[in-house]
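Notes to accompany the following structure.
When a ligand or atom number is given, it counts from 1 through the structure's own listing order. Every heavy atom of this structure was used, including side-chain atoms; hydrogens, water molecules and symmetry mates were not. Along the sequence shown, residues are numbered consecutively beginning with 1.
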Amino acid sequence: MSNVLEIIPLGGIGEFGMNCMAVRYEDEMIILDAGMGFPEETSFGVDVSIPNFDFLEEYRENITAVILTHGHEDHLGALPYLLKKFNVPVYCSHFTAGLAESKLDEHDLLDDILLHRVEPRDQIQLGVFSIEFIRVSHSLVDCFSLAIGTPVGTIIHTGDYKVDETPVIGEPIDLRSFRRYGQEGVLALLSDSTNATVPGRTPSERAVIPAFEEIFAEAGGRIIVAAFASSIHRLQIVLDVAQQFNRKVCVLGRSMQKNVEIADRLGYLDIPDGLLVSLNDTKQMRDQDVVYLVTGSQGESRAALSQMATQMYKGVTIEEGDTVVLSARIIPGNERTISRMIGFIYKRGANIIEEKRRLIHVSGHASQEDIRIMTEAVRPKFVVPIHGEYRMLFRHKEFVKNHLGYAEENIILIENGDVLELDGERAAVVNKKEIGRTFIDESGFEEIKRDTVRERRQLANDGMIAMVITINDTGELQSPPEIVARGVKSCGPENGFAEAAHRIITSALTWASRDTLSDDSLLKEHIRVELKRYIQKRTGGRPVITPVIIRV
Ligand SMILES: [Zn+2]
């Protein structure tokens, strides 16, 4: 159908992370954000997930650009994987570009990709789409909302935002530009729902300063602050308060060191000369003169904080008298790992300060009253909640309906893969694309096939059986099969499994056709199926069964 705009989320709707969206008009398509997601605790070697980009193949010739709202992993992490499939120009802010460059470099893509840096209020034209970048506040710096001019009307995509009039770094959110669009008329507002269940306003990034000052004033020993490496405002606060209390700062953890380096080089962090010290320097210093700024607020076992708590970090461990500040929220799903790490820190005799006890963390996302400010500034015809689990999208809808007077039919809840069609008058989901996720093993930046993950899950749940079957030319067993079972229930010697398997294999060989007998892969499959049937019937388990055929 022509003369309609299509909005197709590939991720980020009804889930936390993996934000990515395609916007299409006739034969032109742009991609907004390319984020990664984080798998559940039992992940079978899957480090991260990314949207499955297969459905974009159909539009290969139509994709003109990727536009990034900001540099968080859940908006940028899948970029290298997307660009490997579709090499198109990228548009983003200076700071986002700094993070993107570092990521592309890890993937050896830096020389192949066209990265355009844009400023707030810049406008670009990409075919039928005109895009203005509007400055918003968030926990990261240099973040944008996008005002996208299309032939059917203007779409505003908020990215992640909150309304912060007093950010630590940079200018406040540019409400004037949102109001300007509101006056001109906006067709749809695609709006961050992450904090839509939270009443009131989200506090400014500055709100945590008093608590940090108190903690620094009270602490007699070393201070260890764990925060998200991307929370640039927070890092600046820690640097400032350290300076104020005459402490030096030692930055530990790969992503923390990387982000501090990038933010410093691009001029976002203001670091006084001599403030930063190396781990080696701290060995000569008194406890009360040091702050460690570290990764690992989510209890990640490989990150600095966990390693320091379990005496695995080379050169520094957490000791009695230390004060550990967890200046981050708990990402849903990480509760147990964080709790375990806090246990280790207590065992070391250190004091720990969590978000629940002091105002040491504020969210970067819009609460309900921030959503009100945004929606009233933009005054869109349609509100489309994005970024969040379904519960949050739903509460966003309820808030807009009950408190901002929007009619039910003007608030549209969509899901990943939905094709939302807008023609200027009407908005409706008309179609659904098959959209899944792709699993990634970060150690080699490789895709892990769905079958591989399924097999690993099967191995973990039901174990595996390997067997060596020696046969002669006529397909007769030459010796009892050698069987090794690992992690399989009820398949030990006491259950007579070896005898049963011997019997089943003999019978399978007897009944096998001549063709099957002469072909190793057919024969293996035949034996596998017979054994699988037996084991499943007897134990209910589905172990991975691997026969090996040896012909003598
Ligand atoms: Zn974000």
Side-chain angles (χ1 to χ4, degrees), residues 9-21 31-38 48-51 66-79 90 92-100 102-103 120 133-146 156-164 167-170 172-174 190-198 202-205 227-236 255-256 259 262-263 268 295 297-298 327-334 361-367 370-371 374 385-389 392-393 396:
L10 281 82
I13 316 272
E15 66 189 340
F16 170 74
M18 230 168 76
N19 300 293
C20 185
M21 181 177 277
I31 310 286
L32 314 180
D33 285 336
M36 59 171 46
F38 310 96
V48 295
S49 54
I50 60 169
V66 181
I67 296 147
L68 303 176
T69 59
H70 67 290
H72 271 146
E73 290 287 358
D74 56 335
H75 293 258
L76 157 115
L79 185 67
V90 180
C92 60
S93 72
H94 288 258
F95 183 70
T96 307
L99 296 178
S102 145
K103 210 160 243 310
F133 298 85
I134 305 176
R135 188 180 52 242
V136 288
S137 10
H138 190 34
S139 51
L140 198 63
V141 294
D142 231 2
C143 305
F144 291 140
S145 286
L146 308 171
I156 291 191
H157 180 295
T158 64
D160 283 350
Y161 80 100
K162 68 173 172 181
V163 179
D164 190 344
V168 179
I169 300 161
I173 182 169
D174 181 9
L190 314 181
S191 185
D192 181 11
S193 310
T194 310
N195 266 3
T197 59
V198 181
T202 302
S204 165
E205 288 295 318
F228 292 118
S230 56
S231 300
I232 306 296
H233 299 275
R234 192 75 42 81
L235 306 190
Q236 183 67 58
S255 61
M256 189 67 84
N259 283 17
I262 293 172
Y268 291 93
T295 53
S297 63
Q298 301 303 301
S327 179
R329 76 170 179 126
I330 297 175
I331 292 180
N334 293 345
H361 174 71
V362 289
S363 170
H365 296 276
S367 301
D370 300 61
I371 291 174
M374 176 62 81
I386 58 170
H387 298 174
E389 292 165 10
M392 300 157 185
L393 307 177
H396 191 160

For this session: Please confirm whether His387 and His75 have ring centers closer than 6.0 angstrom.
Result: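 Under 6.0 Å, so yes.
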
Could you tell me whether the side chain of [X] and the main chain of [Y] form a donor-acceptor pair under 3.5 Å?
X	Y	answer
His233	Ile169	yes
Lys162	Pro203	yes
Asn195	Ser363	no

For this session: Taking the side chain as every heavy atom from C-beta outward, state whether Val362 and Glu205 have any atom pair closer than 4.5 Å.
Result: yes

Exercise. Within less than 2.8 Å of the Zn ion (ligand 1), how many protein N/O/S atoms are there?
Worked result: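 If we list every protein N, O or S atom nearer than 2.8 Å to the Zn ion (ligand 1), we get 4.
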
Exercise. Do Cys143 and His72 pass the side chain to side chain contact (heavy atoms under 4.5 Å, CB included) test, and can you show the C-alpha distance, the side-chain angles, and the key distance before you say yes or no?
Worked result: CA-CA 10 Å; Cys143 305; His72 271 146; over 6 Å; no

